[in-house]
There are 2 protein chains.
Amino acid sequence: MRKVTTVNVNGLRAAAKKGYVEWLAATEADVVCLQEVRAESHQLTDAVRDPEGWHAFYAPSAAKGRAGVALLTRQEPEAVRVGFGTEEFEESGRYVEADLPGLTVASLYLPSGEVGTERQDEKERFMKAFLPYLCDLRERSAAGGREVLVCGDWNIAHQEADLKNWRGNRKSSGFLPEERAWLSRVLDASEGGYMDVVRGLHPEVEGPYSWWSYRGRAFDNDTGWRIDYHMATPGLASRAVKAYVERAATHDQRWSDHAPVSAVFDH
Amino acid sequence: MRKVTTVNVNGLRAAAKKGYVEWLAATEADVVCLQEVRAESHQLTDAVRDPEGWHAFYAPSAAKGRAGVALLTRQEPEAVRVGFGTEEFEESGRYVEADLPGLTVASLYLPSGEVGTERQDEKERFMKAFLPYLCDLRERSAAGGREVLVCGDWNIAHQEADLKNWRGNRKSSGFLPEERAWLSRVLDASEGGYMDVVRGLHPEVEGPYSWWSYRGRAFDNDTGWRIDYHMATPGLASRAVKAYVERAATHDQRWSDHAPVSAVFDH
DNA sequence: CGTAGTAGG
DNA sequence: CCTATTACG
């Protein structure tokens, strides 16, 4: 495993018609993590559901047309698991993980919230349940000799450098103080203990953003958010040699409001 | 008034983006009758709602996004009336009429039905209430020295020549014996007393069809129905010199599942 | 197979 | 603004 890419496709059926298929055919990634598949497997064409040369695993949501994550791996995994053990989210299409030799890799779609609504409460319940799981996962994997990489749409920008208009979004879901504090705990060596691979390799830059609203000229003006992360255990993070947002993948013809984010690892 | 065109636009907002605007700008009609506007006036752009050179009158449905008829006239009408006096259908967006010198012209969208459903019952209630109105209208207009022309989507094919696959549709709403019999009463000299202008000028042809399903290759194969009619009082019908379906108007780029139907009158 | 509606993001 | 749903045609 050298390269892992994560991308929120915002509806795999729509994305497949607009450029996702060509992008996947051209990628050199060994693992691709998808979020917002927004389809049941039988609604996908065979070629999209099971692309040539990949093993594909889907965790759809029980709610039709919502959420849905997937993992594509070149190598056949030793095991695949859906959900993280919290009843409320088991069939929410938000988490799938696979064991590869020396690595557990996961595709995560953390709920998006809206301040003052039940959806924000749901996001917070997810966060509360998911952090202990991340700790368990890290410990369990360490015992099994595996590094961990949790990729996906975390729906939180961590620091001011992670979104263009941070001042205007201090009261917006996705940049609330409690959400940012939660991500800090994920990254805290004494708690979650994960590393933000992209930020680790690019500590001083604005962004790079991975999501731009479809409204207005957000993409053209690069008015974006960095909410898609590769969160890695330190041993794996130390092997990261390259990490970048494939902004150009959706430049000519946008096939999602997110761009793919990739990380390349040494040996 | 020389030329009157009727067209079911199947959503004026969608049609306006796909070719309706250009078609209207090029037409030489003096009156245009629209059905299935499927929008409230404020949802239309100014140029679409009030096209240059026309007087426009809308009768939207109380149900958002449904039905809706309109009349466009080059000349300012002496009067415009919405509905035909039957409570159930007053705000259903199915009937508007206007008085022009020597003529009352109407835009009608008769409900489409589906056998065995409440929608078929509604269609039948509409038919039952509308026939007496047509008789009243004819008599009232005659007393006022006006001819009558009721144009629109009647949602009934009258005879076998009025749809491609009449055998297969004998139990389909739109070609049921009772619907065909009702149209015969509209045309019966001793009852409705109206004339089918297009059929009057083209007694021996199949069609010409004015609606083709979007499903399959119906348009390319001309598997259509003739359900859009100009129904005229005899004095006006006798002045018809030309009547045709503008199939080519939606040939390159279809902007509705119906094509405009036009009739040209002498003096 | 389209156009609407509405929910979600 | 975009992708889904569902209702209607």
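In what follows, chains carry the letters A, B, and so on, assigned in the order in which the sequence lines appear, proteins first and then strands, with residues in each chain numbered from 1.
Between the CD atom of B/Glu36 and the C1' atom of C/dG5 there is a distance of 14 Å, rounded to whole Å. If you measure from atom CD of A/Gln35 to atom P of D/dT3, you get 17 Å, rounded to the nearest angstrom. We find that CH2 of A/Trp255 is positioned 15 Å from C1' of D/dC2, with the value rounded to whole Å. A/Glu122 places its CD atom 17 Å from the P atom of C/dA7, with the value rounded to the nearest Å. For A/Tyr20 and D/dT3, the OH to P distance is 16 Å, given to the nearest whole Å. Atom NE2 in B/His258 sits about 11 Å away from atom P in D/dG9, given to the nearest Å. Look at CD on B/Gln120: it is 13 Å from C1' on D/dG9, rounded to the nearest Å. Straight-line distance from the CH2 atom of B/Trp212 to the P atom of C/dT3: 17 Å, rounded to whole Å.
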Between protein and nucleotides 4-6 of chain D, what N or O pairs are separated by less than 3.5 Å?
{"residue": "D/dA4", "atom": "OP1", "partner": "A/Gly11", "partner atom": "O", "Å": "3.4"}
{"residue": "D/dA4", "atom": "OP1", "partner": "A/Arg13", "partner atom": "N", "Å": "3.4"}
{"residue": "D/dA4", "atom": "OP1", "partner": "A/Ala14", "partner atom": "N", "Å": "2.9"}
{"residue": "D/dA4", "atom": "O3'", "partner": "A/Arg13", "partner atom": "NH2", "Å": "3.3"}
{"residue": "D/dT5", "atom": "OP1", "partner": "A/Arg13", "partner atom": "NH2", "Å": "3.4"}

Query raised in the report: When you look at B/Lys128 and B/Asp121, which way does the salt bridge (Lys or Arg N to Asp or Glu O under 4.0 Å) test go after all the steps?
Result: CA-CA 10 Å; B/Lys128 187 170 181 181; B/Asp121 298 340; over 6 Å; no

Requested in this report: Show your reasoning for whether salt bridge (Lys or Arg N to Asp or Glu O under 4.0 Å) applies to B/Glu179 and B/Lys123.
Outcome: CA-CA 9 Å; B/Glu179 296 173 335; B/Lys123 183 175 185 177; 3.1 Å; yes

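At the phosphate of C/dT3, OP1 or OP2 sits under 4.0 Å from a side-chain N or O atom of B/Lys18.
Classification of the A/Tyr133-A/Phe130 ring pair by plane angle, with boundaries at 30° and 60°, yields parallel.
Atom CD of A/Glu178 has more than 12 heavy atoms from other residues, nucleotides or ligands within 6.0 Å. The number of heavy atoms from other shown groups lying within 6.0 Å of CD (A/Glu91) does not exceed 12.
Ion pair A/Lys64/A/Glu40 not flagged as a salt bridge, since none of the NZ, NE, NH1 or NH2 atoms sits closer than 4.0 Å to an Asp/Glu carboxylate oxygen.
Between B/Asn155 and A/Arg215, the residue anchored nearer the 5' end of DNA chain D, judged by the nucleotide with its closest heavy atom, is A/Arg215.
Judged by distance alone, the side chains of B/His230 and B/Thr6 never bring a donor and an acceptor atom under 3.5 Å apart.
Residue-level contact check: A/Lys123 touches neither bases nor backbone, having no heavy atom under 4.0 Å from any strand.
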